[in-house]
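Note sheet for the following structure.
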Amino acid sequence: FLTLSLPIAKQAIYKHKEIAVATAEMLEAHKTPTEAARTLSMHHTTLTGRLAKAAPEAMPKALKKALKPYVRGSRLCAVDFTFLPTHVKSLAGYVRRGGLKMLVAYMPGQLAAAAGPQAPGEAPDEVLEKLLDELPRGSVLVADAEFSSAACLEKMLGKLDKGELAGFLVRANKQWHRKLWERLEREPYGVPVPVKLMGHDLYAWRVMLKTREGPRSAMLLSTSPKLGPELYRRRWNVEVFFRIVKELMPPCRLRSLEGRLLLFWAALLLALLAVLLGGLPAVRRCLRGLLGRSAGAAALRLAAAAWPA
């Protein structure tokens, strides 16, 4: 993953191996880059400078290649926004609700794609379009109400018409689709109702969802009567996945957007491996094994000794 997403010159003092060990230290011990550098006797300004040279546009393909041996055929893809906490002034233009707004697609235990952060002046549908371009052909998208706007639906329907999406299921915002909801209120729960929306034949569902405030009636929109409430309940997997990613993310005071995104993608990769390997304890054991290898420690000592005074 690092080899493809972090360009390093031949004469650089820290190569991918050393950066991998430092990243493992951050993720396993929940340390900042500076703390990890101090633990490993690395020069922290060189380490943070190296992280700042990451190439965000290369990270999606790097993740896919790193996970290729584990990927199995699955079409279900849960999509949602998550926020990476940040208080750095240099990134103030990207901050929304106290963090960087990232859009993540999760295919249970197999594959993830991400887009973002949402840039100043960038609409959610524009971020969604970037993510859709990264998804495997034939994916079935499951998303929350934020993605039921006319602009987002237009992007998804466009991909559907091209055959790039096999279908989608979206919880619809009742205010944005008020006339449709008024019609659906007269229908029984859990029954697909054929509707015409934006020139396409879709299906609407009236459902009862559990929320923190108690049961609430809601509306789902899908491209097939086979994509209904049971499938939407599986969207909860993405929330569980986000919790794992955030648990792995180290505290970070990096000023560079590229460095923060590199650590986020590394946490995504480890979270997916945690699902595949049976949980975070197994992944942490792997990280401790990497940190405990004498070859890795020796390489870091040599690199530190070679640094000019």
Side-chain angles (χ1 to χ4, degrees), residues 1-63 66 82-96 98-102 114 116-120 245-271 283-284 287-288 290-293 295-309:
F1 169 73
L2 288 175
T3 301
L4 295 174
S5 57
L6 184 61
I8 294 181
K10 291 182 180 180
Q11 67 272 20
I13 189 169
Y14 297 142
K15 302 293 194 300
H16 290 108
K17 185 176 182 179
E18 290 76 38
I19 301 298
V21 174
T23 304
E25 179 71 23
M26 294 179 227
L27 296 169
E28 196 282 325
H30 208 63
K31 293 180 179 180
T32 65
T34 301
E35 291 169 341
R38 189 180 299 120
T39 300
L40 298 169
S41 301
M42 299 176 73
H43 200 283
H44 78 277
T45 54
T46 305
L47 174 61
T48 55
R50 193 72 65 230
L51 295 175
K53 295 184 181 298
E57 67 280 359
M59 294 176 194
K61 291 182 180 178
L63 182 72
T82 190
F83 292 85
L84 303 183
T86 182
H87 305 286
V88 180
K89 290 183 179 179
S90 59
L91 300 177
Y94 288 90
V95 174
R96 286 165 174 76
L100 303 177
K101 191 176 182 180
M102 300 292 299
Q118 186 175 341
V245 174
K246 289 179 179 179
E247 187 175 337
L248 283 167
M249 274 293 291
C252 183
R253 301 185 184 93
L254 290 174
R255 296 181 180 179
S256 69
L257 178 62
E258 294 81 4
R260 286 176 177 267
L261 290 178
L262 183 69
L263 293 179
F264 173 69
W265 277 92
L268 271 183
L269 174 58
L270 281 180
V283 170
R284 292 192 185 280
L287 289 174
R288 284 193 291 271
L290 174 64
L291 292 168
R293 288 176 186 169
L300 287 173
R301 283 196 295 272
L302 287 172
W307 183 261

If you compare all heavy atoms of [X] against all heavy atoms of [Y], which two are closest, and at what distance to 0.1 Å?
X	Y	result
Gly99	Phe83	O-CD2, 4.2 Å
Gly116	Leu261	O-CD1, 4.2 Å
Leu248	Ala267	CD1-O, 3.8 Å
Glu25	Ala36	CG-CB, 3.8 Å
Ala22	Leu40	CA-CD1, 3.6 Å

(message) Can you list everything that forms a side-chain hydrogen bond (donor to acceptor under 3.5 Å, both in side chains) with Thr39? Sequence neighbours excluded, please.
(response)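 Listed in chain order: Lys31.
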(message) Can a donor-acceptor pair be found, under 3.5 Å and without considering hydrogens, that links the side chain of Lys246 to the backbone of Leu84?
(response)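 Checking the backbone N and O of Leu84 against the side chain of Lys246, no donor-acceptor pair under 3.5 Å is found.
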(request) Could you please spell out the steps behind the side-chain contact (heavy atoms from CB on, under 4.5 Å) verdict for Met59 and Phe264? (result) CA-CA 10 Å; Met59 294 176 194; Phe264 173 69; over 6 Å; no
(request) Report, as yes or no, whether the 6.0 Å neighbourhood of atom NZ on Lys53 holds more than 12 heavy atoms from other residues, nucleotides or ligands. (result)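 Counting neighbours around NZ of Lys53, 12 or fewer heavy atoms of other residues, nucleotides or ligands fall under 6.0 Å, so no.
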(message) Is it true that, when you exclude Phe1 itself, more than 12 heavy atoms of the residues, nucleotides or ligands shown sit nearer than 6.0 Å to its CZ?
(response) yes
(message) Which residues pass the side-chain contact (heavy atoms from CB on, under 4.5 Å) test with Ala37, not counting sequence neighbours?
(response)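 By the side-chain contact (heavy atoms from CB on, under 4.5 Å) rule, Ala37 matches Met42, His44, Leu47.
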(request) List for me each residue that meets side-chain contact (heavy atoms from CB on, under 4.5 Å) alongside Thr48, sequence neighbours excluded, and say none if there are none. (result)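 Here the qualifying residues are Pro33, Leu254.
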(request) Using the side chain to side chain contact (heavy atoms under 4.5 Å, CB included) rule, pick out the option among Leu27, Val245, Thr23 that qualifies with Leu270. (result)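 With Leu270 as partner, side chain to side chain contact (heavy atoms under 4.5 Å, CB included) holds for just one option, Leu27.
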(message) Testing Pro60, Pro56, Ser5 one by one against Trp265 for a side chain to side chain contact (heavy atoms under 4.5 Å, CB included), which residue passes?
(response)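 Going through the options one by one, the only one that passes is Pro60.
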(message) Are the side chains of Ser256 and Leu51 in contact, using a 4.5 Å heavy-atom criterion?
(response)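 They are not in contact (no side-chain heavy atoms under 4.5 Å apart), so the answer is no.
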(message) Apply side-chain contact (heavy atoms from CB on, under 4.5 Å) to residues Arg50 and Ile8 and explain how you reach the verdict.
(response) CA-CA 8 Å; Arg50 193 72 65 230; Ile8 294 181; 3.8 Å; yes
